[in-house]
Amino acid sequence: MDYSGQRLAPLTFGTRGEQVSMSLIPDREHLECEHLMKRIPSVRKRKDWSRSLIVASLVGAFGSSFLYGYNLSVVNAPSSYIKTFYNETWEKRQGHSINEATLKLLWSVTVSIFAIGGLVGTIMVTLIGKALGRKSTLLVNNAFAILAALLMACSQQAEAFEMLILGRFIMGVDGGISLSVLPMYLSEISPKEIRGSLGQITAIFICIGVFTGQVLGLPEILGQESQWPYLFAVITIPAFVQLVSLPFLPESPRYLLFEKHDEDGAEKAFQTFLGKMDVSQEMEEALEESRVQRNIRLVSVWELLTRRSVRWQIITVIITMACYQLCGLNAIWFYTNNIFSTAGIPTEKIPYITLTTGGTEILAAIFSGLVIDRLGRRPLLIGGFGLMVFFFGILTVTLTLQDKAPWLPYLSIVCILGIIASFCSGPGGIPFILTGEFFQQSQRPAAFMIAGTINWLSNFAVGLLFPYIVEGLDTYCFLVFATVCLIGGIYFYFILPETKNKTHAEITQKFAKWNKESPPEEKIEQVGVDGQTNGKSELDSSSTLNNSIKNKII
């Protein structure tokens, strides 16, 4: 029966005229009050954003994605000094100056080997992630950052440019591990209502890292011939902060429950991250998922690639990560100075104009973090790539005709800022969020390895080939990136479902029509102790859980 809006007569108990009233169903005013309270965003946010959750996300991102962003931009400002260092070292060893082609190759390797290290780091995640856990892997990863910083900072004094290149490679390893483990950690410690906003912290700190590298590279700070090694020594600071802070925070509760079978530890972690003592609902949901996957081992990369039930999730992740790198933003980050020079900006003003790109990145990423759980992933991703196509097209025109009018170079700058803002408002952070949302716990490490491999291979290709693309296509080079963005936007429009506030089962159901196979929840059988299946599916287990919850409510 529907009792909504009705006031029931109170039940009376007692003797001698004493009555105790108890309404079975709340009246209309109470129902309306509760409904309004649920709709107040500030109340919900205070409940979800606990202090430990905020600290874990900030400390984790500062020692991880911040360093990734910092290393994307830190080579820009001292590029001329580093090339001079290469030439001087070569001359001392060989007795003659380095030729232009060799110098160009060495510089391309210096920039792009960061991506090769990232690929190695991504592969290492599957080897150390299961044994150490999310938090401990991030802590161990700081050793790579500190070692890389020492190698790069001491390379000039040691007169060995190989140390700088090796340091960039090791720093790439750090980045590969960070960009795989950090999104997993944040996804597993956050409530689904703020999963998108928390996931965007990764992108926000990448942008802050890029901006910090630009600021410290100014001539008045460390962008001098005698100071550039200190730009790389700065890397030790975020690594040290994470190293001394993260041990005081819990491990991922889902890792503790699913892979360590530590229910007490998982409950305490939930309590810490959610900021409340009653985590029975979260534990019940996680325990049910743990029961379903208890006898399911971690899926290998090959098994995931050949599993039909997640075929289109994998295709979507591959296309998303490829577009993330091949859309051309890394080319702008790596070669901002050259782009501004081509636009006609005086050399002495370029470092200061470059700061506007970093500031724009931060503002756009923060905007995305604020609206992603309201607007959703899909509109931000499609809209971001669509705007990038628009700005790339105008940029091509302005660079081609820049000698025709004195204001055209400034329009080029506006286009660059528009491209950056469009990227950071959606495509800059959502790929990492989607990878965590598409796959269940046993599939997630392999999925992040696939995503990371595509990410870093694409990064390497852009860093190595962009100078040659510019040389061959001149001002038309950005049409290549516009085409990538266009293809990505069209694909996401037709294929990508909205994942905002959706559980893994709901997201899997959305992909079922594309995979032409029923979701795994309807097919996976539990494996008994004797190795035989008991015929009980995940759906059956879920139904059992729902019944038990209903019984408790009754």
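Predicted, not measured: the structure shown is a model, and the values here were computed from it. All values below come from the heavy atoms of this structure, side chains included, with hydrogens, waters and symmetry mates left out.
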Between [atom1] on residue [X] and [atom2] on residue [Y], distance to nearest 0.5 Å:
X: Leu496; Y: Ile430; atom1: CG; atom2: CD1; result: 8.5 Å
X: Leu186; Y: Arg134; atom1: CG; atom2: CZ; result: 12.0 Å
X: Leu246; Y: Glu251; atom1: CG; atom2: CD; result: 9.0 Å
X: Ser252; Y: Lys260; atom1: OG; atom2: NZ; result: 12.5 Å
X: Ile490; Y: Ile495; atom1: CD1; atom2: CD1; result: 12.0 Å
X: Leu147; Y: Asn142; atom1: CG; atom2: CG; result: 12.5 Å

Do [X] and [Y] have side chains that get closer than 4.5 Å, going by heavy atoms?
X: Pro253; Y: Ile189; value: yes
X: Thr316; Y: Tyr491; value: yes
X: Tyr68; Y: Thr202; value: no
X: Gln271; Y: Lys276; value: no
X: Met449; Y: Val125; value: no
X: Leu434; Y: Leu381; value: yes
X: Pro250; Y: Lys268; value: no
X: Leu53; Y: Ile194; value: yes

Review point. Given Phe438 and Phe511, is the ring pair (Phe, Tyr, Trp, His ring centres under 6.0 Å) satisfied, shown in steps?
Key: CA-CA 9 Å; Phe438 282 172; Phe511 277 104; 5.1 Å; yes

Point to revise | Full working for side chain to side chain contact (heavy atoms under 4.5 Å, CB included) between Ser458 and Met321 | key: CA-CA 8 Å; Ser458 302; Met321 297 307 297; over 6 Å; no

Flag if over 12 foreign heavy atoms under 6.0 Å of [atom1], [X]:
X: Phe367; atom1: CZ; answer: no
X: Phe144; atom1: CZ; answer: no
X: Lys510; atom1: NZ; answer: no

**Study point:** Test log, rule side chain to side chain contact (heavy atoms under 4.5 Å, CB included), inputs Leu380 and Ser368
**Key:** CA-CA 8 Å; Leu380 288 176; Ser368 179; 3.9 Å; yes

Verify, without hydrogens or angle tests, whether [X] (side chain) and [Y] (backbone) share a donor-acceptor contact under 3.5 angstrom.
X: Ser57; Y: Ile54; answer: yes
X: Ser136; Y: Gly133; answer: no
X: Gln242; Y: Gly60; answer: yes
X: Thr306; Y: Glu303; answer: yes
X: Ser197; Y: Gly369; answer: yes

Where is the tightest heavy-atom contact between [X] and [Y], given as atom of each residue plus distance?
X: Thr236; Y: Ala149; answer: CG2-CB, 3.5 Å
X: Ile372; Y: Ile433; answer: CD1-CD1, 3.7 Å
X: Gly418; Y: Ser422; answer: O-OG, 2.7 Å
X: Ser180; Y: Phe448; answer: O-CD2, 3.7 Å
X: Ile146; Y: Ala239; answer: CG1-CB, 4.0 Å

Between [X] and [Y]: side-chain donor-acceptor atoms closer than 3.5 Å:
X: Asn141; Y: Ser178; answer: yes
X: Gln214; Y: Ser73; answer: no
X: Tyr185; Y: Thr137; answer: no

Review point. Does the pair Glu437/Arg377 count as a salt bridge with the N-to-O cut at 4.0 Å?
Key: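 So Glu437 pairs with Arg377 through a salt bridge.
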
Review point. Is Arg444 paired with Glu188 through a side-chain N to carboxylate O contact shorter than 4.0 Å?
Key: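 Yes, Glu188 and Arg444 are salt-bridged.
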
Please work out whether the ring planes of [X] and [Y] are parallel, tilted or perpendicular, with thresholds of 30° and 60°.
X: Phe114; Y: Trp456; value: perpendicular
X: Phe66; Y: Phe62; value: tilted
X: Trp514; Y: Trp312; value: tilted

Check your understanding: Quick one: which of Arg308, Gln313, Arg311 gives a side-chain hydrogen bond (donor to acceptor under 3.5 Å, both in side chains) with Asn515?
Key ->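 Between Asn515 and the candidates, side-chain hydrogen bond (donor to acceptor under 3.5 Å, both in side chains) is satisfied uniquely by Gln313.
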
Check your understanding: Yes or no on side chain to side chain contact (heavy atoms under 4.5 Å, CB included) for Ser309 and Thr508, after CA distance, side-chain angles and deciding distance?
Key -> CA-CA 8 Å; Ser309 61; Thr508 304; over 6 Å; no

Check your understanding: Relative to Tyr493, does Arg378 satisfy both conditions: NZ or CZ under 6.0 angstrom from the six-membered ring centre, and within 45 degrees of the ring's axis?
Key ->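 The answer is yes, since Arg378 meets both limits relative to Tyr493.
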
Exercise for review: Please report the C-alpha distance between Phe432 and Tyr324 in whole Å, then the side-chain angles of each, then the deciding distance to 0.1 Å, and finally whether the ring pair (Phe, Tyr, Trp, His ring centres under 6.0 Å) criterion is met.
Suggested key: CA-CA 10 Å; Phe432 301 101; Tyr324 170 75; 5.3 Å; yes

Exercise for review: I would like to know whether Leu257 and Asp262 meet side chain to side chain contact (heavy atoms under 4.5 Å, CB included); could you show each step before the answer?
Suggested key: CA-CA 5 Å; Leu257 192 60; Asp262 182 3; over 6 Å; no

